[in-house]
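Accompanying notes for the structure given below.
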Amino acid sequence: MEKGLLIVLSGPSGSGKGTVRSVLTEMEDFAFSVSATTRAPRAGETDGVDYHFITHESFEEKIRNGEMLEYTTYNGNYYGTEFSEVLAAVESGRNLILEIEVEGAMNVKRIYPEAVLIMLLPPDFAEQERRLRGRGTESEEIIRGRLERTHAEMKYFPRYDYVVYNREIDACAKEILSIVHAEKCAVKRHADAAKRYFE
Ligand code: 5GP
């Protein structure tokens with residue numbers, strides 16, 4: 001059985017990762033890892049769907065038990081991916097998307113060098129700010145923190161494999177699908193193809 005791709009999707013706050021995710025799932029089958037976080041749910045978010053919303057203590061217990069594939073702190077909260085969310089899906093051949101920030105992405109790449117790292121960006125910084133404010137779900141302090149963090153996040157940009165600009169959501173999702181399809185055909189992912197061809 002061919003393994004599924006492990007796709008890491010990062011992007012600064014306001015890049016539209018959540019929207020891209022829902023459009024992608026309408027276009028094709030993807031597994032999504034549900035991260036654990038200690039931040040409070042936003043209006044409209046559901047526990048077990050958007051995140052596993054857990055306490056600080058539970059999160060630290062998972063770290064101690066070696067259950068986290070990767071984790072980081074972001075604006076004072078823990079965010080992380082559990083091994084259990086990832087392994088079964090990829091082994092069963094489904095392509096899995098991890099929607100995580102840059103430091104987590106680097107950790108995933110270290111553990112799974114075959115992961116494909118995609119950076120999703122708004123057209124420019126001014127548009128990012130407009131989208132973030134337009135969301136209207138966060139305080140001014142949080143918005144400033146998220147915008148400020150973008151400078152640090154962009155330092156990791158050269159270590160990504162692909163960049164996709166989110167100008168229009170359907171076009172953006174289609175570009176991500178093209179990347180996924182091309183990566184599935186990469187010769188490096190078919191190391192035993194010549195041998196199997198003659199079987
Ligand atoms: P938000 O609070 O906007 O949902 O997420 C804040 C940031 O945390 C986003 O950049 C998001 O991609 C990232 N994030 C969400 N889940 C995880 C995770 O499991 N691990 C890491 N490293 N980052 C995450």
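We use all heavy atoms of the structure for the numbers below, so side chains are in, but hydrogens, waters and symmetry mates are not. Ligands are counted one by one from 1 in listed order, and the atoms in each one are counted from 1 as well.
- Remark: aromatic rings of Y197 and H190 are distant, center separation not under 6.0 Å.
- For the 3.5 Å distance criterion, the side chains of S15 and N166 fail to qualify, holding no donor opposite an acceptor.
- Separation of atoms CD (E129) and CD (E127) is listed at 10.5 Å; rounding is to 0.5 Å.
- Side-chain N/O atoms of E85 and H52 include a donor and acceptor closer than 3.5 Å.
- Listed by chain and residue number, the protein contacts of ligand 1 are K17, S35, R39, R42, Y51, E70, T72, Y74, Y79, G80, T81, E99, I100, E101, G104, R146 (heavy atom within 4.0 angstrom).
- In the model, S10 has no side-chain atom that pairs as donor or acceptor with a side-chain atom of E101 under 3.5 Å.
- For the 3.5 Å distance criterion, the side chains of E183 and Y162 qualify, holding a donor opposite an acceptor.
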